[in-house]
Amino acid sequence: MDEIRFDDQVVVITGAGSGIGRAYAHAFAARGAQVVVNDLGGRRDGTGDAHGAADKVVEELAAYGGQAVASYDSVATLQGGESIIATAEAHFGRVDVLVNNAGVLRDKSLLKMVEEDWDTVVNVHLKGAFCVSRAAFALMKKSGYGRIINTTSGSGLYGNFGQAAYMAAKMGVVGLMHSLASEGAKYNVTCNTIAPVAASRMTDDVMPPELLEKFKPEFIAPLVLFLASRENQETGMIFNCAAGWFSRSAICCAPGLCIGDTKRTIPPEEIREHWEAITSLADAAPLNSVIDSFGFMEPLIR
Ligand code: NAI
């Protein structure tokens, strides 16, 4: 088997001071990458900050010859995103891979969630992915190469109780992926999104210890490394991964049916009458862009 290597490649990982991001840092460094370990430190809910988290991972990598530099900027501002990428450029001269992984958690039911909780969560997960990707994409576009991996969550993709901001932000990164995938296509910049499940401080109180044992953060890294490799040409895809399970998810569109004729407004009773066919997912498939959805209306608009 040809080994997937990252020699001479620069990999920026946000939130790499702990959990899954730390596992990525080790996996990339072990395969020759120069790694920017970004982490502003802080608690699970995003409060506080401490350089220690990123520094510690850089030390761990250095112990076996891994090349890495720490970055302490928050992903949540454009200035922070630019500074993270500037650190990569200043130390290693380029950026080949960006893993948008930084995250915080403030789980609350809708009526208990205050504006600050919403803003903090959305700013780190969604705005953060935008801020760092924007700066990285500018370099990748110039060099004609880049691999970006976003991090969503099963909560956002499929739903969960009491995580409104988190779920909204995690679906937002899927939208951002579509944008990066389409704008990056002609520059050999791909963007994919993963939905991991792994033992970390984010999940240490949601699963019993014996189950957490089976969800090692290291088990997520192989998929991310493949998506980050030169040979990967896939873009715009969503993948689940956990405990050794890998699968693809997709937002699909079903053909449905054309009831109208572009002249009359359908009464709601006709919607009721055709409800089964409207809600059917038979023959549903992912689309390459919104333009493809026009194909289903073809009988009406030809
Ligand atoms: P974690 O809490 O161990 O790691 C997140 C890291 O992001 C922390 O080290 C934290 O300091 C850093 N961070 C937070 N705000 C930041 C900011 N503004 N700028 C830079 N760094 C910041 O959590 P875990 O589990 O490793 O999560 C990694 C990613 O995976 C997150 O995006 C999370 O939402 C996602 N995820 C994790 C799941 C799991 O089962 N652990 C499930 C689904 C998604």
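Note that the coordinates shown come from a computational prediction; the quantities given were computed from them, not determined experimentally. In listed order, ligands and their atoms are each counted from 1.
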Just so I know, are the side chains of [X] and [Y] near enough to count as touching, which here means a heavy-atom distance under 4.5 Å?
| X | Y | value |
| --- | --- | --- |
| Pro217 | Phe219 | no |
| Ile4 | Arg31 | yes |
| Asp283 | Pro255 | yes |

Arg44, CZ atom: more than 12 neighbouring heavy atoms under 6.0 Å: yes
Report yes or no: is the cationic atom of Arg230 (NZ for Lys, CZ for Arg) closer than 6.0 Å to the six-membered ring centre of Tyr145, at no more than 45° off its axis? yes
In order of chain and number, which residues sit within 4.0 Å of ligand 1 by heavy atom?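 Residues within 4.0 Å of ligand 1: Gly15, Ser18, Gly19, Ile20, Asn38, Asp39, Leu40, Gly41, Asp73, Ser74, Val75, Asn101, Ala102, Gly103, Val104, Val124, His125, Thr151, Thr152, Ser153, Tyr166, Lys170, Pro196, Val197, Ala198, Ser200, Arg201, Met202, Thr203.
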Give me the one residue out of Asp39, Asn38, Asp55 that meets side-chain hydrogen bond (donor to acceptor under 3.5 Å, both in side chains) with Tyr72.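 Filter result, single survivor: Asp55.
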